[in-house]
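As structure tokens, the structure follows; a few thoughts come after it.
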Amino acid sequence: RSPAWGDPQQWVRRATENHILLCFVIIDAAAAKDSILELQSVSYPNGRLTISKWIDSFPFPYYIVLRDMQSLPQVLSDALRQWFESTS
């Protein structure tokens, strides 16, 4: 969460209410070991250590993790097609 923007869920909800698709595009590292999908988050609920994948708590419901920039046009067009299908 960014203090300047506040809670991202508010913006996601507002966009959804206005039929706006927010699709977060993450340009990821080419090497799997450096991938954003491998980042871990540490928390201590009830004083107990919990480790989880960072992406599991990502605040945006629609996101694309892209490693190959050449596939960006195809991936974005697929995302838009799927969104149109879900809204009609």
Side-chain angles (χ1 to χ4, degrees):
R1 292 186 174 162
S2 169
W5 286 88
D7 183 8
Q9 292 301 325
Q10 171 190 350
W11 297 103
V12 170
R13 186 174 47 258
R14 198 177 280 180
T16 302
E17 290 169 356
N18 289 299
H19 306 289
I20 297 171
L21 171 64
L22 289 178
C23 185
F24 203 94
V25 178
I26 300 168
I27 308 301
D28 200 12
K33 69 178 183 66
D34 297 326
S35 173
I36 196 167
L37 300 174
E38 296 303 317
L39 285 178
Q40 295 184 339
S41 176
V42 176
S43 62
Y44 295 92
N46 300 322
R48 186 178 172 121
L49 173 66
T50 303
I51 299 174
S52 58
K53 295 283 186 180
W54 177 82
I55 200 76
D56 291 342
S57 61
F58 195 64
F60 296 91
Y62 301 106
Y63 60 90
I64 297 168
V65 178
L66 189 68
R67 288 191 177 140
D68 176 19
M69 286 297 292
Q70 299 219 349
S71 65
L72 181 62
Q74 181 66 44
V75 170
L76 286 178
S77 66
D78 287 345
L80 280 172
R81 180 185 48 76
Q82 290 174 19
W83 182 72
F84 282 122
E85 287 174 357
S86 72
T87 59
S88 58

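Numbers for residues simply follow the sequence, beginning at 1.
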- Message: Per the ring pair (Phe, Tyr, Trp, His ring centres under 6.0 Å) rule, what does the pair list look like for residues 61-88, sequence neighbours excluded?
- Response: F58-Y63
- Note on the structure: Applied to residues 31-55, the side-chain hydrogen bond (donor to acceptor under 3.5 Å, both in side chains) test, sequence neighbours excluded, yields D28-S35, S35-R67, E38-K53
- Taking the side chain as every heavy atom from C-beta outward, state whether L39 and I55 have any pair of such atoms under 4.5 Å apart. no
- Task: Taking the side chain as every heavy atom from C-beta outward, state whether I64 and L72 have any atom pair closer than 4.5 Å.
- Result: no
- Query: Is there a side-chain contact (heavy atoms from CB on, under 4.5 Å) between L76 and V25 once you walk through the steps?
  - Reply: CA-CA 9 Å; L76 286 178; V25 178; 4.0 Å; yes
- Query: Is there a chain of hydrophobic side chains (I, L, V, M, F, W, Y, each step under 4.5 Å between heavy atoms) that links F24 to V65?
  - Reply: yes
- Item | From CD1 (I27) to CD1 (I36), nearest 0.5 Å | 10.5 Å
- Nonpolar side-chain network containing I20, other nodes, edges under 4.5 Å: none
- Connected via hydrophobic side-chain network under 4.5 Å: I26 and L37: yes
- Give a yes or no on whether Q70 atom CD has more than 12 heavy-atom contacts from other residues, nucleotides or ligands under 6.0 Å away. no
- Query: Do D78 and Q74 get their side chains close enough for a donor-acceptor pair, meaning under 3.5 Å?
  - Reply: yes
- Residue pair V12 / P59, side-chain heavy-atom distance below 4.5 Å: no
